[in-house]
Structures are given as structure tokens and as C-alpha cells.
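Reviewing the structure listed below.
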Number of protein chains: 2
Amino acid sequence: MSSSHFKHDLFAQFARIAKAMGHGNRLEILEYLAQGERSVEALATVSGLTVANTSQHLQQLRQAGLVESSKVGLKVFYRLSGDDVLALLDCLRGVAERRLADVERLVTTYLTVKDNLEPVPAGELLERARQGLVTVLDVRPPEEYAAGHLPGAINIPLAELEDRLQDFPEDQEVVAYCRGPHCVLAFDAVARLRAEGVPARRLEGGFPEWRRAGLPVESTRKT
Amino acid sequence: MSSSHFKHDLFAQFARIAKAMGHGNRLEILEYLAQGERSVEALATVSGLTVANTSQHLQQLRQAGLVESSKVGLKVFYRLSGDDVLALLDCLRGVAERRLADVERLVTTYLTVKDNLEPVPAGELLERARQGLVTVLDVRPPEEYAAGHLPGAINIPLAELEDRLQDFPEDQEVVAYCRGPHCVLAFDAVARLRAEGVPARRLEGGFPEWRRAGLPVESTRKT
DNA sequence: CAACTATTCAATTAACTAGTTGAATACTAG
DNA sequence: CTAGTATTCAACTAGTTAATTGAATAGTTG
């Protein structure tokens with residue numbers, strides 16, 4: 001046995017990458033980066049970490065070659081360093097879902113249909129919204145929202161949901177709605193909000209049903 | 001924000017898997033298991049770890065759901081828990097090779113052609129083998145070996161190479177040969193041996209050339 | 001150039017992980 | 001039932017990693 005073991009060194013290098021992914025916060029950061037490049041601050045906000053901590057996690061990801069960064073103006077933007085990183089993440093998720101009973105359990109605990117199946121009736125929502133007890137969320141595209149929406153509803157397209165969690169008053173239930181009972185947007189929104197720990201339900205029916213029932217509607221000229 | 005964050009928990013679960021792979025020794029173990037099921041002892045031998053240590057790494061891999069085990073007689077055999085684990089390993093290797101300059105460097109340092117291109121001439125090998133200075137390795141299938149081989153050569157098919165490193169006297173150069181100059185087996189063997197830190201070179205030509213040159217040949221009846 | 005901003009660095013603490021040793025367990029074979 | 005074997009467990013030490021804090025850096029804008 002002459003020089004230091006090549007194989008050993010090689011596996012150590014591979015391990016660097018696995019290790020970089022071996023922390024929940026870093027995986028969460030990678031997940032956000034999978035949607036496109038983000039600044040350190042943006043990442044810190046969505047992941048609920050301090051900026052310094054986020055920065056350090058990003059350093060580790062960069063050292064492992066998983067992300068790249070570039071400075072634009074004041075901000076440093078990070079992005080995944082390639083599609084293969086995305087593939088690796090998918091692979092990891094796949095294995096996790098197939099192998100870890102805990103994942104299964106978590107998913108069914110939080111995203112179960114058990115009360116997805118209990119949408120909020122329109123009348124109840126109207127009542128509670130008037131009392132300011134719920135946040136009404138419209139997950140349709142901005143154009144549809146502008147054309148008419150529930151009174152007091154805020155409009156956040158699904159894609160931006162995770163980035164705008166701070167727009168929701170804390171500890172207040174969110175009721176989401178979309179185009180109607182055959183539209184899955186609101187289902188998805190409810191699932192995602194619950195994933196972040198936000199209590200959420202779905203409006204029974206959607207905007208068209210609401211309007212047809214003669215309930216009050218608001219529309220936006222130009223804010 | 002009500003109950004503990006689902007997303008957080010979920011990423012923590014994913015991280016368990018990445019963390020389990022985040023150590024060179026465990027990756028090495030996984031690599032060996034990728035070739036088929038092995039006992040704890042066998043894994044300890046090939047990876048150069050103590051049995052207890054190997055056992056502990058295996059526990060971690062099992063907790064992450066990456067391997068399964070079953071007891072057969074005295075021994076416990078471990079295996080990868082599915083093809084998706086293999087896919088994950090490949091994915092990891094792929095990213096590592098594309099992203100880590102260090103990997104590239106290691107590979108070229110150890111496996112470079114720089115002296116792969118200097119095979120041992122037959123005459124030199126004969127001389128040094130007589131003095132007992134080299135281990136002669138025949139990497140052809142056992143049948144071909146039985147039909148005739150270099151004097152004193154040991155026969156280890158490529159697939160078993162890593163498992164039988166202990167068969168080589170330490171600190172002695174290994175000279176590998178196979179069917180001839182167009183056969184890649186010996187190249188591969190040399191690369192793998194070097195990867196394990198064993199000094200190795202390739203015989204110029206192969207067994208047919210050796211015999212044709214009128215050099216001594218041994219053959220096996222039945223051991 | 002001075003004030004400001006976004007990010008990174010450095011130092012600290014607490015928590016975790018790797019590897020070692022020796023003993024305990026569980027099973028087989030005589 | 002005893003002796004022997006393969007594996008695992010338990011306890012410990014040394015080393016590494018995560019998060020926090022506050023200061024330093026680099027760059028932009030007025």
C-alpha cells in the first residue's frame with residue numbers, strides 16, 4: 001500500500017456532496033433555488049433563518065459545488081449549478097418517499113384529505129370574514145382577480161405562495177379559493193400552507209359559485 | 001403558525017438520507033453492496049474498518065432505509081434496499097464528477113496514463129518474478145487460467161479484485177496481464193489496484209504473446 | 001467621499017458524529 | 001449443553017458541525 005488511498009479520497013469527495021445535502025435547512029434552500037435564482041436575503045426570509053446563517057449554509061453548498069453565485073448590484077444571487085443537481089434532489093426525494101416510513105406518515109398527517117374534505121361553506125366564510133377572523137386568499141392569476149374577487153381577498157398566485165407567507169397575519173386561518181370545484185389550485189394552496197404550518201381551508205366552490213349565489217364581490221380598477 | 005412545520009420535518013427526513021450518505025466509509029460500503037449482498041465481516045474486510053465500526057455504519061444506513069439485512073445461519077447479510085438507491089448513488093457520483101474539480105484532479109493523478117503507458121516487458125517480468133519481487137496477477141476467467149498461465153501467477157477475476165486484496169503480499173508490486181494487448185482487463189485491474197493504493201503495472205502484451213515468445217508456462221490440472 | 005446596504009467573516013457555545021474498546025447477544029455445531 | 005462464531009451494543013474520547021452574535025468587507029447612491 002503506497003500512497004494515500006485513492007478510493008478513500010474519492011469517496012470522501014463524494015461524501016462532501018452528500019454531507020452538504022445532509023441538513024434540512026440546506027435542502028430547503030436548494031429547493032427554493034430549484035425555482036430560480038434568489039438573493040441571500042430572499043432565501044433567509046423564506047426559510048426562516050437569519051441572514052448570516054443562510055449565508056453560511058450557502059457557503060457550504062458552494063464548496064460542494066451545488067450552487068453558484070454572482071453579484072448583481074448590491075445583492076448576491078445564488079442558483080443551482082446545473083440540472084444534474086436538480087436530478088440529484090429528485091432522486092433523493094424519490095428514495096426518501098419510497099424508503100422512509102416517517103415521510104409517508106408526515107405526509108398523510110399533514111396533507112390528509114381528512115379535513116380537505118370539509119370546505120368552508122360560502123355563508124360561513126362571509127360571516128367570519130366580516131368579523132375579520134379569517135384571511136381570504138385568491139390563488140387565481142392576477143387578471144382574474146382584478147376582474148372580480150371576494151371582498152377583502154388578497155391575491156397570491158400559487159407560484160409565489162411560499163415567498164409571501166409574511167403577508168398572512170399570524171395565527172389566523174386562511175381560506176383559499178380559486179375558479180371553482182373542479183379547479184385544483186385551492187387544494188394545492190391549502191396543502192402548501194399547511195406544510196408551512198399555516199392553518200388553511202378551502203372555500204366550498206369557487207369564485208363563480210360565490211357570485212352566482214349573489215354574495216358581495218369586489219373588483220379592482222387600478223391599485 | 002400552528003403545529004411544528006411540516007416542511008421543516010419533511011426536509012429533515014430527506015436530510016437523514018443525505019446524511020447517511022455523507023461519510024466516505026458509508027459510501028464505500030454502499031458501493032460494495034451495489035455489487036450484491038455481503039456479510040458484515042466481508043464488508044469490514046474490503047473497506048478496512050473494524051467489524052464493530054462497519055456494523056455501526058450499517059445501522060445508520062439501515063435507519064436511513066438505504067440497506068436491508070437478513071440473517072442466514074451465523075451471518076447477517078446486508079443488501080441495498082432497492083434499485084432507487086443505486087440510482088441515487090449514480091446520481092451523486094455524476095454530480096461529484098461534474099462539480100468537484102478535486103475529483104477530476106484525483107482521478108487524473110491516480111489513474112493517469114502516464115505510466116499505464118509503460119507496461120512491464122516480458123523479459124523483465126520473468127526476471128523479477130523469479131526473484132520473488134513481484135506478484136503476478138492473471139485477471140482472466142478461471143477456465144482460461146486453468147488452461148495455462150504465467151508461472152506463479154495468481155488468478156483473480158476482475159469482479160473479485162476488491163474482495164481479495166488481502167491475497168496480495170503487502171508492499172510488493174503487482175503485474176497484471178490478460179488476454180493480450182487488445183484486452184482491457186489488465187488496464188482495468190491496474191487502475192483498480194492503484195485506486196486501493198497497491199502499486200501495479202501491466203504486462204506488455206498478454207498470455208498468448210508470452211507463450212509465443214517461448215517463455216515458461218504453467219497449467220493447472222485440478223488443485 | 002460619507003452613509004448605507006447586503007453579505008460575509010470570526011469567535012463562541014452547544015450539540016452531534018466517528019471510531020475504539022470490550023462486553024453482551026444470538027445463533028450453530030459438536 | 002458447551003464451545004465457538006458473527007454481530008451488535010454500551011461507554012467513552014476526540015473531533016466536527018450548527019447556530020448565534022457582532023464586527024468587517026465590498027459595493028452603491030446621494
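Just so we're on the same page: letters track the sequence lines, and every chain starts at 1.
B/Gln60 has a side-chain polar atom (N or O) that falls below the 4.0 Å cut-off from OP1 or OP2 of C/dA18. When the side-chain nitrogen and oxygen atoms of A/His57 are compared with OP1 and OP2 of D/dA19, one or more of them lie within a distance under 4.0 Å. An OP1 or OP2 oxygen of D/dA6 is reached within less than 4.0 angstrom by no side-chain nitrogen or oxygen of B/Tyr78. Not one side-chain nitrogen or oxygen of B/Asn53 sits closer than 4.0 Å to the OP1 or OP2 atom of D/dT8. Residue B/Lys19 places at least one side-chain N or O under 4.0 Å from the OP1 or OP2 atom of C/dT17. The side chain of B/Gln59 places an N or O atom within less than 4.0 Å of a non-bridging phosphate oxygen (OP1 or OP2) of D/dC9.
We find that CG of A/Leu49 is positioned 12 Å from P of D/dA18, with the value rounded to whole Å. Atom CZ of A/Arg38 and atom C1' of C/dT7 are 18 Å apart (whole Å). C/dG19 atom C1' lies 15 Å from atom CG of B/Leu58, rounded to whole Å. In this entry the distance linking CZ of A/Phe77 with C1' of C/dT7 reads 12 Å, nearest Å. Rounded to whole Å, the distance from CD on B/Glu28 to P on C/dA18 is 15 Å. Going from atom CD of A/Gln56 over to atom P of C/dT12 covers 15 Å, rounded to whole Å. The nearest whole Å value for the distance from the CE atom in A/Met21 to the C1' atom in D/dT17 is 17 Å. D/dG27 atom C1' lies 6 Å from atom CG of A/Leu74, rounded to whole Å.
Looking at which nucleotide of DNA chain D each of A/Lys71 and A/His23 is closest to, the 5′-most match is held by A/His23.
With D/dT7, D/dC9, C/dT8 as the choices, the nucleotide that has an atom nearest any side-chain atom of B/Glu41 turns out to be D/dT7. Counting only heavy atoms from C-beta on, A/Val51 has its side chain closest to C/dT7 among C/dA18, C/dT7, C/dT21.
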